[in-house]
Amino acid sequence: MKPPPTVHLTPGKRVLFLTKDPDLIRRQLAGELDLTMDDLTVDDLLDDINTDVMTPAWVCFNHRPEDLAREAYAGLIVDGERLFERDALYNGGFEVIVSGHRKGVGSSRETAVQAEKWSGVRIAVAASFAPIHAANNINQGVLMTDHEILRRLQAGEGVPLEEFYRDYDPITQLIVRQGGLFPLAKALARKEIEWPADETAERPMTMAEKILARHALGGGDRFVKPGDSLVVEVDGGYSHEFTTAQVQYFLEQEYGADYQIENAARFAVFEDHLIYADEVPMMLPFMDKIERLRELQVSFQRHTEVRDFSARDGISPGICHEVAREVLISPGDFIQATDSHTCMGGCNNALAWGVGATEYANLIHSGFTMAEVPESIRFELVGHLPEGVTAKDLMLYILLEFARPQVTLKRVMEFTGPGIATLSMDERATLTNMATECSARGAIVEADDETFRWVKKRRPEIDESELRARAVRADPGAHYDGGVHTIDLSSIRPMVAHPGDPDHGIPSDPTNGALVEEVEDVAIDIAYGGSCTAGKIDDRIFYHQVVKEAADAGLSVADGVVFLIQVGSESVERFCRENGFMETFAKAGVTVIQPGCGACIGCGPGVSERDDQVTVSAINRNYKGRSGPGRLYLASPLTVAASAFTGRITAYREGMFQREQPRTT
Ligand code: SF4
């Protein structure tokens, strides 16, 4: 529905403030309290509300938005209890929801927006929004604004609609004015609106700008700059069993059961996220819904004939982002998929970011999407990482130093410099994978000979000269709104991100970086090495390096600790078998799990079961509740493996397990 030209609050409808004080939220939900902006400051409001809190994984087993809404904010747990009971938001009569900074961090799940919208919320208020979450609000027709405009609305003022969108690019303005992405697409099809024309003069461009310029309709040799609005051709994309059912639902709702999609061979479905859900006791009540999601993905794949990466005999071919970089993504590509870690594909010198189900449904239907050219930030890497330090430590450092002060926010992170050549393709993939934790738009690594060799090895049919021709490199003099930052890799030390104290206003967040040596003596219960971030071949090499050293010293995994290693794809598993890793892992008491997402999303072996458990994990997110109720520290594969044998969070040092030799006199 199109929003009115002047926005008023509706008499009888309410405003919900998500305060740091949980009791105030409880009283608002109970109907005992109504607040205004005059009663609070922005500092009183919850920051960094992540989408896992708004709609935890188990809530997303409902693919119909009206069902999701009934469990809105089910992941907001205080002292072990749900703050929002079932139907609390749905029955609360709220049309505005208010929080602090960076609303909607975390996964790209559009369900978070749907849960609010189908509960009656039409305006979201925050000091800032995570980029994918903001796009999801816009695509769903939910207005976003700040606390000052809310103050005016609560004073009874009518606020012109323009004030809700005037800072957006022209395309986004059109989407807001039409009431969402599908209404805009239909208005365009009916030729009711004109597309805004952007004519940017010749200028030096960043890598992301070059890829978007090349893919823009009417492209040719055009130039673009941040803020330009483009209609962009998409080279490929994918969805997985957690999201495909919604994509199908929206396509059927908008275009009928006989909908068609463009260029099916460029797109794919994966079965990876829920493949081991039946091994998690908490998930057992949802197995019927999970099975339904699988069935709906199968019917979508048959209907559309997109590429099929379904499980065979219960074994997944791998995590979508790992398989996609192996077999789908080439230098110079523009890739869109329904998952926030789609950005991982940037390691192949591609531009890739995650989108919600609405945007994905729209782009596979038409073959095109709409994009605002993002700003960029450039990291020039020099030197070598020291022994015992990995790309994960570098990324935890960047999260602390650049993402925490929001320098990376909404920008494309460009990785260049001579230090790139010292990082394998798998290590580069760790950097691009965690761009979404930086609330960045994406990340892209400059291509070199290793890029082309790696892609060609996995896709021998590709003409290498074509790969080289499609690769992009920033122009000399390209402008970086986020600045150019030189990082000396030799200065990086083993890092963790600690779990914070969410019950007392310190969010669990990947930006909670600290040196391992600074972390207090933390005993662990679970060590987990897996996920798209840390399920690659080089991660296996790191785990194996530590496990072999420990096993050779006669050690097993520490008493009371479980150490699980989960491979990212079939090809990673094959590598482990061919190189004898499985025997070493078995000898030292490590449990190896077949490809898939698993514990990372709370749907597989390795999740914590009690809130007093501590996990050290090589995954990308430490949001409370995502991987079970316990406290989760993020760390590198080396730190995870070393900690599994010491029983405490410990940085790896070569030779650390060697027995002391008896002294001779
Ligand atoms: S491994 Fe985790 S972060 Fe990666 S795609 Fe799967 S659920 Fe998402």
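Residue numbers count from 1 along this sequence.
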(Q) salt bridge (charged side-chain N to carboxylate O under 4.0 Å, His left out), that's the test. Do R266 and D333 meet it? Break it down for me. (A) CA-CA 11 Å; R266 295 182 180 182; D333 276 356; over 6 Å; no
What I want to check is whether the side chains of S424 and D538 have a donor and an acceptor closer together than 3.5 Å. yes
Using the ring pair (Phe, Tyr, Trp, His ring centres under 6.0 Å) rule, take F575 and F581 through it: C-alpha gap first, then chi angles, then the decisive distance, then the call. CA-CA 8 Å; F575 174 88; F581 285 14; 5.6 Å; yes
Residues 400-445 vs ring-ring contact (aromatic ring centres under 6.0 Å, His included), sequence neighbours excluded, gives F379-F402, F379-F415, F402-H485
query = So, F563 versus Y528, ring centres under 6.0 angstrom or not?
reply = no
- T615 and S617 side chains, donor-acceptor separation under 3.5 Å: no
Exercise: do H240 and D339 side chains pair donor with acceptor under 3.5 Å
yes
S491 and D488 side chains, donor-acceptor separation under 3.5 Å: no
May I ask you to check whether H341 and T436 show a side-chain donor-acceptor distance below 3.5 Å? no
* Looking only at side chains, do R621 and S627 share a donor and an acceptor under 3.5 Å apart? -> no
### Short side-chain donor-acceptor distance under 3.5 Å, Q336 and Y360
no
Flag for K392-T639: side-chain donor and acceptor within less than 3.5 Å: no
N349 and R473 side chains, donor-acceptor separation under 3.5 Å:
no
*asked:* In this structure, is the centre-to-centre distance between the rings of F645 and F657 below 6.0 Å?
replied: yes
| For residues Q566 and Y276, is any side-chain donor paired with an opposing acceptor at under 3.5 Å? | no
